[in-house]
Amino acid sequence: MSVTKVSSAMSDAQTRNDIINGGYLVNQENDTAAADDDYSIGDLFLHVGEAAVTTSLQTSGGPQGDRKFARINIDTANKQSGWVYFLSNADCQDYIANGKMSFGIKIKTTSAAIDTVRIGLLKWTGTADAVTSDVVGTWAQDGTNPTLATSWSYENTPADVNLTTSWVRHTVEDVTVDSDTNNLACFVWIDDGTIAEDDQFDVTEWQLNPGSTINDFSSGSTQEEALKVDYYLQRFSRSAGSDRGAVCNAMAYTASVIIGVLQYRSQMRTRPTFSVLDVSALGFLAESTQKTSSNIVIGESNLNAVELQCTFSGVTATIGGTLRFIGDGDFVQFDSRL
């Protein structure tokens, strides 16, 4: 009996998916009230729309058992909405060399049916990795594609995709990638102009690969996808009910300023921007006494670590201690998304 061996390169090509977290294994940000041009469910998926919507991560009723999926609930009738995923300039190079790309996604609606959506594969010809994230300049509907923001253009010709209440995989294949492409984006939006309040739009299993045909959906393990998401977004938080929630070791630089160096879980794409739930999210514990911060700012930072400078009162200079979260759900977040 002969055995046919498949080369590693061929196997990798057949399972390649350049969309990170396409099955929603990771959901740090969990923004459930997404405005236009807001990252939301799944961390790397941007909501674009004519009005704010309610977004959620659904954990049952997916296309494969409990496969997670993202839901947009329309809060304002007849206001269009959709999702965008961006590829960095570095990740576009194989697509430019190959000259082709193919995309797939699973979509459904609910009993309050949205009739049609459209899929656009976009290129950015502006400065690499400095994209206009709100890709829509002017919305349109019922068979007319939106006018895109400056420097964005369609690589394919989007057409109506008819939805049902069952999961269906929709694909766009053999799309030419031009040599002047600096970034790529996958854009999926509601084209139907008659949208009732509380209509719902569900998506999962995002898939993008170079070449003229689409691969089967492929995803790494939760651990693998979390590591890839961390390249773009890292949130350090205290779960409800957890004890203490230490962030990093720190030292009182003066009688009012505490400095701690936080190591990221892994290297980030660029120096990240910083956000915190509130100015009192961090406490400084030293010698069994906890002080509450009145201000938190970023000092020096690089791709691997950041200096947190926290203002406190009544501490002793040079004393060592620990920066830690005070309230349930408090967080600090570092963002290097496009």
Side-chain angles (χ1 to χ4, degrees), residues 20-21 26-35 37-40 42-44 88 129-130 133 222-338:
I20 298 168
N21 200 31
V26 182
N27 188 37
Q28 299 173 95
E29 192 159 52
N30 194 33
D31 181 6
T32 57
D37 197 24
D38 267 2
Y39 280 101
S40 183
D43 295 347
L44 302 183
S88 70
D129 293 340
S133 56
T222 302
Q223 181 182 21
E224 290 169 330
E225 295 301 291
L227 183 62
K228 289 185 282 188
V229 170
D230 276 352
Y231 187 62
Y232 294 92
L233 180 75
Q234 295 186 32
R235 176 175 287 193
F236 295 79
S237 62
R238 176 183 177 184
S239 301
S242 64
D243 183 37
R244 296 175 184 257
V247 177
C248 61
N249 292 327
M251 183 183 74
Y253 180 67
T254 68
S256 61
V257 177
I258 307 298
I259 292 179
V261 176
L262 173 64
Q263 297 285 334
Y264 305 137
R265 291 187 291 265
S266 60
Q267 180 175 301
M268 302 198 73
R269 183 183 69 89
T270 59
R271 285 188 177 184
T273 58
F274 168 72
S275 60
V276 63
L277 181 60
D278 59 56
V279 296
S280 62
L282 290 181
F284 177 64
L285 183 67
E287 297 181 341
S288 301
T289 300
Q290 179 167 282
K291 301 289 186 178
T292 301
S293 175
S294 60
N295 188 44
I296 306 169
V297 298
I298 292 295
E300 295 295 322
S301 68
N302 56 38
L303 303 183
N304 298 291
V306 63
E307 180 185 85
L308 299 178
Q309 298 180 358
C310 308
T311 303
F312 292 84
S313 61
V315 297
T316 303
T318 73
I319 193 171
T322 306
L323 285 174
R324 58 185 61 218
F325 295 111
I326 298 172
D328 290 344
D330 287 346
F331 68 83
V332 289
Q333 178 169 292
F334 303 94
D335 189 344
S336 64
R337 293 174 291 193
L338 295 172

Practice problem: Look at the aromatic rings of F236 and F334 and report parallel, tilted or perpendicular, splitting at 30° and 60°. | Solution: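 Ring orientation of F236 relative to F334: perpendicular.
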Quiz item: Any donor-acceptor pair under 3.5 Å linking the side chain of N21 with the backbone of G42?
Solution: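 Judged by distance alone, yes, a pair lies under 3.5 Å.
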Quiz prompt | Polar side-chain atom of T316 near backbone of I319 as donor-acceptor pair, under 3.5 Å | solution =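 It does not hold such a pair.
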Quiz item: Atom CZ of F274 and atom OG of S301: how far apart are they, to the nearest 0.5 Å?
Solution: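 Rounded to the nearest 0.5 Å, the CZ-OG separation comes out at 11.0 Å.
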Quiz item: What distance separates F312 CZ from T292 OG1, expressed to the nearest 0.5 Å?
Solution: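 Going from CZ on F312 over to OG1 on T292, the span is 7.5 Å.
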Practice problem: Apply side chain to side chain donor-acceptor pair (under 3.5 Å) to R265 and list each qualifying residue two or more places apart in sequence or on a separate chain. | Solution: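 R265 satisfies side chain to side chain donor-acceptor pair (under 3.5 Å) with Q28, D230 once adjacent residues are dropped.
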My understanding is that only residues two or more places apart in sequence, or in another chain, count here; which of them pass side-chain contact (heavy atoms from CB on, under 4.5 Å) with [X]?
{"X": "A250", "value": "I258, F284, L323"}
{"X": "A305", "value": "V261, Q263, N302"}
{"X": "N27", "value": "N30, I41, D43, L57"}
{"X": "Q267", "value": "L303, N304"}

Practice problem: Going by the side chain to side chain contact (heavy atoms under 4.5 Å, CB included) test, name the single residue among P272, S266, S336 that passes it with Q234. | Solution: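 Only one of P272, S266, S336 forms a side chain to side chain contact (heavy atoms under 4.5 Å, CB included) with Q234, namely S266.
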Exercise. Would you mind telling me which of V247, V276, L277 makes a side chain to side chain contact (heavy atoms under 4.5 Å, CB included) with F331?
Key: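 Of the listed residues V247, V276, L277, the side chain to side chain contact (heavy atoms under 4.5 Å, CB included) partner of F331 is L277.
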Quiz item: Any chance OH of Y253 has more than 12 other-residue heavy atoms, nucleotides or ligands included, within less than 6.0 Å?
Solution: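 No, because the 6.0 Å sphere around OH of Y253 holds 12 heavy atoms or fewer from other groups.
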Quiz item: With a 3.5 Å cut-off and no angle check, do the side chains of T273 and D335 form a donor-acceptor pair?
Solution: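 No donor-acceptor contact under 3.5 Å links the two side chains.
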Quiz item: Which pairs, with at least one residue in residues 291-316 and sequence neighbours excluded, count as a salt bridge (charged side-chain N to carboxylate O under 4.0 Å, His left out)?
Solution: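 Sorted result for residues 291-316: empty, none.
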